[in-house]
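Remember, it's 1-based here, ligands and their atoms both numbered in the order they're listed. Note that the structure is a prediction, hence the values are computed from the model and not measured.
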Amino acid sequence: MQKNTTQKILITGANGQLGSELADALAAKFGTDNIIITDISIPPNSVQKFKFEKLDVMDFDALVRLVKKYHISQIYHLAAILSAKGENNPKTAWKINMDGLLNVLEVARIFGLDKVFWPSSIAVFGPSSPKNLTPQHSITEPETNYGISKHAGELWCNYYFQKYGVDVRSLRYPGIIGYKSMPGGGTTDYAVEVFHKAVNNEPFICFLEKDMHLPMMFMPDAIKATLQLMDAKKENIKVRTSYNIQGMSFSPEALISEIKKYYPELLATYQPDFRQKIAESWPASIDDKVAKKEWNWKPDFTIKKMVKEMFVQLEIQKKELMKEGVL
Ligand SMILES: NC(=O)c1ccc[n+]([C@@H]2O[C@H](COP(=O)([O-])OP(=O)(O)OC[C@H]3O[C@@H](n4cnc5c(N)ncnc54)[C@H](O)[C@@H]3O)[C@@H](O)[C@H]2O)c1
């Protein structure tokens with residue numbers, strides 16, 4: 001396949017759950033040499049195929065240096081402190097989430113970057129938002145500092161687009177489930193951990209109540225939505241805060257029941273902690289018809305299809321690790 005080599009892409013927070021998969025997808029589209037991955041921590045060996053630069057997103061001058069050094073035309077700004085981790089140190093989380101985004105938006109304005117991607121979250125909604133099929137335009141009174149930073153971030157994105165013409169695009173990701181990397185401290189992390197417990201024949205203790213329904217998405221759908229949004233014609237992107245998107249909605253109990261079709265011996269118990277309260281403040285499901293209408297968003301994975309694919313992939317990984325003598 002002919003690669004589109006006109007773009008130079010910089011990813012922040014690239015070692016995380018999303019970045020480690022998005023980098024591969026962007027490399028397939030733009031060529032490995034055109035992807036610069038950055039993070040505050042050194043990447044694991046497996047991602048060393050990309051050029052890596054250590055970058056703290058709060059360091060504006062360092063970001064400017066990299067944009068100049070590599071003639072960057074697009075930034076995928078993923079560095080953030082997630083919902084559960086953010087509650088442990090609200091001020092630091094706010095600083096990283098807000099200063100990081102403002103630095104990226106400023107750099108995009110000053111250097112006239114082609115496009116910026118920045119993920120928001122369903123955490124922008126709060127207890128006063130409609131619980132089921134929460135609409136695109138709804139009450140946004142988040143109760144977590146993570147949600148407050150995402151809500152403020154959405155408004156900043158809209159501001160930079162309206163005032164300076166920065167083509168920044170955003171999705172309100174739901175909880176993302178993938179098999180390649182572990183999640184980084186969110187309220188939906190249980191939905192990844194449970195698969196690893198099942199494959200390793202270990203008991204699973206769920207930190208949410210069994211009937212806690214939340215909006216979720218399989219990683220391939222999250223990657224597909226991101227690429228599709230970034231590919232869409234500028235005039236089709238009418239929402240310049242952030243788009244609602246959803247793949248599926250389920251509770252821990254429903255996920256575990258699906259997993260037990262493959263691992264009937266999985267022992268699951270429930271010990272809700274502080275994350276239960278965060279989850280209770282979020283929607284149970286999301287209405288994403290605006291994204292469907294404006295840029296043809298359509299998820300591929302149902303819960304059944306996702307669980308099947310997760311186990312196919314995790315079993316392959318397990319066999320490879322056993323072959324390498326790691327397990
Ligand atoms: N994973 C999800 O379920 C989910 C859901 C909704 C939104 N999101 C959003 O998607 C984005 C990526 O999420 P993720 O799941 O990959 O997160 P993650 O926690 O797995 O990864 C975040 C990365 O950011 C890096 N980082 C932290 N502070 C930094 C700093 N000061 N400078 C540079 N890098 C720094 C971390 O080292 C980490 O590698 C975030 O904006 C997050 O809010 C994720």
Side-chain angles (χ1 to χ4, degrees), residues 10-25 36-44 47 52-60 62-63 66 75-89 92-104 116-125 142 144-154 157 168-193 214-219 221-223 225-226 229 242-248 275 278-279 282-283 286:
L10 183 142
I11 307 175
T12 72
N15 297 349
Q17 190 198 8
L18 209 88
S20 48
E21 301 219 22
L22 192 57
D24 283 330
I36 317 300
I37 62 166
T38 73
D39 201 288
I40 199 163
S41 60
I42 304 289
V47 290
F52 172 77
E53 295 270 2
K54 205 165 175 202
L55 173 70
D56 180 341
V57 289
M58 292 193 289
D59 186 343
F60 180 74
L63 179 61
L66 291 182
I75 297 181
Y76 287 68
H77 175 46
L78 308 180
I81 302 299
L82 272 68
S83 57
K85 225 171 155 184
E87 291 307 302
N88 297 332
N89 198 339
T92 307
W94 171 260
K95 243 188 125 33
I96 293 172
N97 293 351
M98 287 325 303
D99 288 1
L101 175 61
L102 285 171
N103 285 344
V104 168
V116 172
F117 175 75
W118 171 75
S120 182
S121 159
I122 55 150
V124 294
F125 298 113
T144 59
N145 83 75
Y146 174 72
I148 299 169
S149 72
K150 290 295 187 191
H151 182 40
E154 288 188 2
C157 288
V168 49
R169 305 177 180 199
S170 177
L171 298 171
R172 289 174 179 155
Y173 288 138
I176 297 173
I177 299 161
Y179 50 83
K180 288 193 186 160
S181 58
M182 294 304 282
T187 303
T188 52
D189 291 7
Y190 88 85
V192 179
E193 286 160 12
L214 288 171
M216 298 281 189
M217 182 173 281
F218 193 29
M219 183 66 85
D221 273 337
I223 301 290
T226 308
L229 175 78
S242 189
Y243 280 98
N244 274 9
I245 52 162
Q246 180 178 274
M248 54 193 96
R275 289 168 280 193
I278 299 179
W282 288 353
I286 293 285

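Between Gly16 and ligand 1, a contact under 3.5 Å exists for at least one N or O pair. Of the polar atoms of Ser121, none of the N or O atoms is found under 3.5 Å from an N or O of ligand 1, judged by distance alone. For a threshold of 3.5 Å applied to N or O pairs, the pair formed by Leu18 and ligand 1 contains at least one separation below that value. Polar contact with ligand 1: absent for Ser120 (N/O pair, distance under 3.5 Å). The shortest N or O to N or O distance between Ala79 and ligand 1 is not under 3.5 Å.
The shortest contact between atom 3 (O) of ligand 1 and any protein heavy atom is with Ile176 N, 2.9 Å. Taking atom 12 (C) of ligand 1 as the reference point, the nearest protein heavy-atom neighbour is Leu78 O, 3.4 Å. What sits closest to atom 32 (N) of ligand 1 on the protein, heavy atoms only, is Val57 N, 3.0 Å. Counting only heavy atoms of the protein, atom 44 (C) of ligand 1 lies nearest to Leu82 CD2, 4.2 Å. The nearest heavy-atom contact from the protein to atom 22 (C) of ligand 1 is Ala80 O, 3.9 Å. In this structure, the protein non-hydrogen atom closest to atom 1 (N) of ligand 1 is Gln17 OE1, 2.8 Å. Protein heavy atom closest to atom 28 (N) of ligand 1, with residue, atom name and distance, is Ile96 CG2, 4.0 Å.
Between the side chains of Ser170 and Ser120, no donor N or O sits under 3.5 Å from an acceptor N or O.
Here the straight-line distance linking atom CD1 of Ile40 with atom CE of Met58 works out to 6.0 Å at 0.5 Å rounding. One finds the OG1 atom of Thr226 at 11.0 Å from the CD atom of Glu21 (value rounded to the nearest 0.5 Å).
Interface atoms of ligand 1 facing Gly175, defined by a heavy-atom separation under 4.0 Å, are 3 (O). The ligand atoms of ligand 1 that sit less than 4.0 angstrom from a heavy atom of Ser41 are 37 (O). Of all atoms in ligand 1, numbered sequentially from 1 with element shown, those under 4.0 Å from a heavy atom of Pro174 are 3 (O), 5 (C), 6 (C). Those atoms of ligand 1 with a heavy atom of Leu55 less than 4.0 angstrom away are 32 (N), 33 (C). Atoms of ligand 1 found under 4.0 Å from any heavy atom of Asp56 (numbered from 1 in listed order, with element): 30 (C), 31 (N), 32 (N).
Heavy-atom proximity to atom 35 (C) of ligand 1, evaluated over Ile40, Leu63, Ile177, is greatest for Ile40. If you check each of Pro183, Ala93, Gly13, Pro119 against atom 10 (O) of ligand 1, the one with the closest non-hydrogen atom is Pro119. Of the candidates Met216, Lys150, His77, it is Lys150 that places a heavy atom closest to atom 41 (O) of ligand 1. Considering only non-hydrogen atoms, atom 39 (O) of ligand 1 lies nearest to Asp39 out of Val192, Asp99, Asp39.
Within the structure, salt bridge (charged side-chain N to carboxylate O under 4.0 Å, His left out) contacts touching residues 145-154 (residues at least two apart or in different chains) are Glu154-Arg172.
Nearest heavy atoms, Glu87 versus Thr144: OE2-CB, 3.3 Å. Minimum interatomic distance between Phe52 and Asn15 (heavy atoms only, all atoms of both residues): CE1-OD1, 4.4 Å. The shortest non-hydrogen separation linking Val192 to Ser181 is CG1-O, 4.4 Å.
Glu53 pairs by the salt bridge (charged side-chain N to carboxylate O under 4.0 Å, His left out) definition with Lys69, not counting sequence neighbours.
In this structure, Ile148 and Trp94 have side chains that are in contact, with non-hydrogen atoms separated by less than 4.5 Å. Between Ile75 and Trp118, every side-chain heavy-atom pair lies at or beyond the 4.5 Å cut-off. Side-chain contact between Gln17 and Lys180: absent, with no pair of heavy atoms (C-beta onward) separated by less than 4.5 Å. Counting heavy atoms from C-beta on, the side chains of Leu63 and Val57 never come closer than 4.5 Å.
Using a 4.0 Å heavy-atom cutoff, Tyr146 is listed among the residues neighbouring ligand 1.
The main-chain N or O of Ser149 is never found under 3.5 Å from a side-chain atom of Asn97 such that the two would form a donor-acceptor pair.
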